[in-house]
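Reviewing the structure listed below.
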Amino acid sequence: MSVKVHVERLIHDALRALAQQGLLPEDALPATIPVETPKRAEHGDFATSICLQLAKAARKNPRELATALSAKLEGAEGVASIEIAGPGFVNVRLTIDTWLTALASATREGARFGRSQAGLGRRVLVEYVSANPTGPMHVGHGRGAVIGDVLSNLLDWAGYRVEREYYENDVGNQMNKLTRSVLFRARELLGLETGPVPEDCYPGAYLIPVAEAARAALGDGIAHVAPEDEPALTRVRDFARDRLVGEIRGDLERLGVRHETWFREHTLHDSGAVSQAAAELEARGHVYTDDSGKRWFRSTDFGDDEDRVVVRENGVPTYFAADIAYHKHKMDRGYDCAIDVWGADHHGYIPRVRASIAALGYDVKRFEVLLCQFVTLVENGQPVRMGKRSGNFETLRDLLDEVGVDATRFGFVMRSADAQFEFDLALAKSQSMENPVYYVQYGHARLAQILAKAAELGHAPPSDGADLRAIVLPEELGLIKKAMEWPDVVRAAADQRAPHFVVFYLQELIGLFHGYYTKYKATEKVVSDDAAKTAARLVLCQGLKTVIGNGLAVLGVSAPERMYFTE
RNA sequence: GCGCGUGUAGCUCAGAUGGAUAGAGCGGCGGCCUCCGAAGCCGUAGGCCACAGGUUCGAAUCCUGUCACGCGCACCA
């Protein structure tokens, strides 16, 4: 249990006791007590404004409530002092021993420190990336991939059972377009085409090697496939799809992103799930047919702006029909929550999907969408276009080549998902502390080197039962308190679907450490002649390294033991 | 036109459930190495939190309206 959660419980219990005494109405107690870590140290280790909030319901003066609450908290486990401040804040200060004990226990937990059971093992499906298999991944996909991946890590840490899924849109016009494009490139390779790429084909040069491979695998005959030769078209289409999906997988692997399941849209068609879902929607009375024979889902009954076509005039289901089936499938698989990570350009699609889930009788609260706004690549303030001659998309691969995995991942989660922001290539490329990812990694390396140096001199952090009371400097206590927030950061970031919390937290924590280090490196070094101080400080360093390392692990960014750069 | 998102320091952005004197990084300016990593640190300047109303003990945060920017408004996926 984190220190903060401990305090939350103390306050909660105290309030319940007050309620039993009749000082407040029982039903006025909120499920979660607002407890914050004050910005100002004078306000204690923790502060709550609960008395201000309960005052009205209790028909009491907030300070009067605060007085009653503080009387209950006085002497509670770990509490050093309580004070009432301002209009009725209650500030809680804990004993130093409480903090030292927490540090010792965190250091023991090591790579598991920060994990909790808060999610109670509830099952969550996170679907992310889901780029169409018609070309390479671009930068926008990369952001969604990293955000989805880090969110999944956070949920896992917070005690949820997480599955990561990729939805392959391997059906529809785009696949036909892809097929046409590959066939065109194949003819081009054989000299049968010399003109520009037709309008109804993808222009990207990345399809030339695909066509070459297709020729090698399927023979030169593919240059002569007739538009109505379905079996041949299917062979080409499947080949191109597999090839492009393979490239996407390769890019994701390089980015450190892995999905447990790759869900293919066509399986929904093959199994009849699409028509089944449409039929069920119809059976429930939410579908009507118009004069031309189109079938419409009356999504307006569930909050959508307009009704949506589910089956076209020619009997072919729309993409949306498949998506209804897909989300129904997710619901039927029994997840407590299904989170879709989408690009912001798809936001208009949310109401209809939500409507379909509601219309099929599921609780819409089980469906969530995390939107990712676009990233603008800039270099020294100037917008960048990364695509080579091949086209105007900016590929993820180019970015990875340019700045590496760590800076790419860190850069994509350092801002809130629903804010557009500028990704500065020059900054991400620079191997300096101006680069936030290096700043954090450098801190980890510095801690590692201190511990290594200590080991060299024969000091190891005491593994158990160490007396940490040699830790007395205010900066050291501040570091402990900050480091002990890590489990709360994980929970908050998971609950709020806000991976960027982790980045900000790590920057703050390591910033405190750099300050501490510089201030005392001449006077109060970690490794000194004082055995008690040395031992205690090594535990502190070990604990900090653990937290930074765990944070970087959640982000999927490497945590180097050393970072010497040549020159 | 309608919907969603955004508007906070010169720049890029944080500010969870409304709370105490609005934060960080970069950039400016001024300082700190007889060093466990100066690739670091400290100090300082810089704000009508887009604008106008409202809600209440209290609003950057919630509500309404206005303006600006981005995205979307398919029988494409």
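Letters go in sequence order (proteins before strands), and every chain restarts at 1. Please read these numbers as outputs of a predicted model, since none were measured by experiment.
Here, B/rG27 and B/rA9 have their C1' atoms 11 Å apart, quoted to the whole Å. B/rG3 and B/rC41: their C1' atoms are spaced 49 Å apart (whole Å). A gap of 14 Å separates the C1' atoms of B/rU21 and B/rG47, to the nearest Å. Spacing between B/rA45 and B/rC2 at atom P, rounded to whole Å, works out to 46 Å. B/rU8 and B/rC51 are spaced 14 Å apart, taking the C1' atom of each and rounding to whole Å. B/rA50 and B/rU44 have their P atoms separated by 26 Å, given to the nearest Å. Across B/rA77 and B/rA60, the matching P atoms stand 48 Å from one another, rounded to whole Å. Distance check on atom P: B/rG10 versus B/rU6 gives 22 Å, rounded to whole Å.
Nucleotide B/rA45 is matched to nothing when pairs are restricted to Watson-Crick or G-U wobble geometry with both distances under 3.5 angstrom. Across all strands shown, the partner of B/rU12 is B/rA24, judged by Watson-Crick or G-U wobble contacts whose two distances both fall under 3.5 Å. In this structure, B/rG18 makes no Watson-Crick or G-U wobble pair, since no nucleotide meets both defining distances under 3.5 angstrom. Nucleotide B/rG53 forms a Watson-Crick or G-U wobble pair with B/rC63, both donor-acceptor distances falling under 3.5 Å. With both pairing distances under 3.5 Å, B/rU34 is matched to nothing as a Watson-Crick or G-U wobble pair. Nucleotide B/rG3 is matched to B/rC71 when pairs are restricted to Watson-Crick or G-U wobble geometry with both distances under 3.5 angstrom.
When distances are taken from the side chain of A/R415 to each of B/rC36, B/rC76, B/rC13, the shortest belongs to B/rC13.
Residue-level contact check: A/Q496 touches the bases, meaning some heavy atom is under 4.0 Å from a base atom. Counting non-hydrogen atoms under 4.0 angstrom, A/A419 reaches the backbone sugars and phosphates but no base. Counting non-hydrogen atoms under 4.0 angstrom, A/E265 reaches the backbone sugars and phosphates but no base. Counting non-hydrogen atoms under 4.0 angstrom, A/A498 reaches nothing in the nucleic acid. Using a 4.0 Å heavy-atom distance criterion, A/A85 is classed as a base contact. Residue A/H347 is in base contact, counting any heavy-atom pair closer than 4.0 Å across all strands shown.
For A/R308 and B/rG72, the CZ to C1' distance is 11 Å, given to the nearest whole Å. Rounding to whole angstrom units, CD1 of residue A/I33 and P of B/rA16 are separated by 19 Å. Note: CD (A/E508) to P (B/rG15) measures 11 Å, nearest angstrom. At whole-Å resolution of the value, CH2 in A/W342 and C1' in B/rC4 are 13 Å apart. We find that CD of A/Q507 is positioned 12 Å from C1' of B/rG23, with the value rounded to whole Å. Following rounding to the nearest Å, A/F513 (CZ) and B/rG37 (P) show an atom-to-atom distance of 10 Å. A/Y517 places its OH atom 19 Å from the P atom of B/rC32, with the value rounded to the nearest Å. Put simply, CD on A/Q441 is 18 Å from P on B/rG37, counting in whole angstrom units.
At least one side-chain nitrogen or oxygen of A/K521 sits closer than 4.0 Å to the OP1 or OP2 atom of B/rA38. Checking the phosphate oxygens (OP1, OP2) of B/rA77, no side-chain nitrogen or oxygen of A/T134 falls inside 4.0 Å. Considering only side-chain N and O atoms, A/R446 lies under 4.0 angstrom from the phosphate OP1 or OP2 of B/rA38. Taking only side-chain nitrogens and oxygens, A/Y442 never comes nearer than 4.0 Å to OP1 or OP2 of B/rA38. The shortest distance between the side-chain N/O atoms of A/Y439 and the OP1/OP2 oxygens of B/rC41 is below 4.0 Å. Under 4.0 angstrom from either OP1 or OP2 of B/rG37 there lies no side-chain N or O belonging to A/K453.
Across A/Y167, A/F320, A/F367, a single residue satisfies ring-ring contact (aromatic ring centres under 6.0 Å, His included) together with A/H327, and that is A/F367.
Between A/I510 and A/S416, the residue whose closest nucleotide on RNA chain B is further toward the 5' end is A/S416. Both A/H500 and A/G86 sit near RNA chain B, but only A/H500 has its closest nucleotide nearer the 5' end.
Taking the ring axis of A/Y520 as reference, the NZ or CZ atom of A/K525 does not stay both within 45° of it and closer than 6.0 Å to the ring centre. Both the sub-6.0 Å distance and the 45° axial angle are not jointly satisfied by A/R295 relative to the ring of A/Y288.
The stacking criteria are not both satisfied for A/F374 over the base of B/rG70, which would need a centre-to-centre distance under 5.5 angstrom and an angle between ring planes under 30 degrees.
Taking the charged nitrogens against the carboxylate oxygens, A/K533 and A/E524 do have a contact shorter than 4.0 Å, which makes a salt bridge.
Considering every non-hydrogen atom in both A/A454 and A/L538, the closest pair reads CB-CD2, 3.6 Å. The two residues A/R308 and A/S299 come nearest to each other via the heavy atoms CG-OG, 3.6 Å.
Applying the 3.5 Å distance criterion, the base of B/rA20 shares a donor-acceptor pair with the side chain of A/N91.
With 3.5 Å as the limit, one finds a donor-acceptor pair spanning the side chains of A/D290 and A/S292. No hydrogens or angles considered: nothing links the side chains of A/T134 and A/N132 as a donor-acceptor pair under 3.5 Å.
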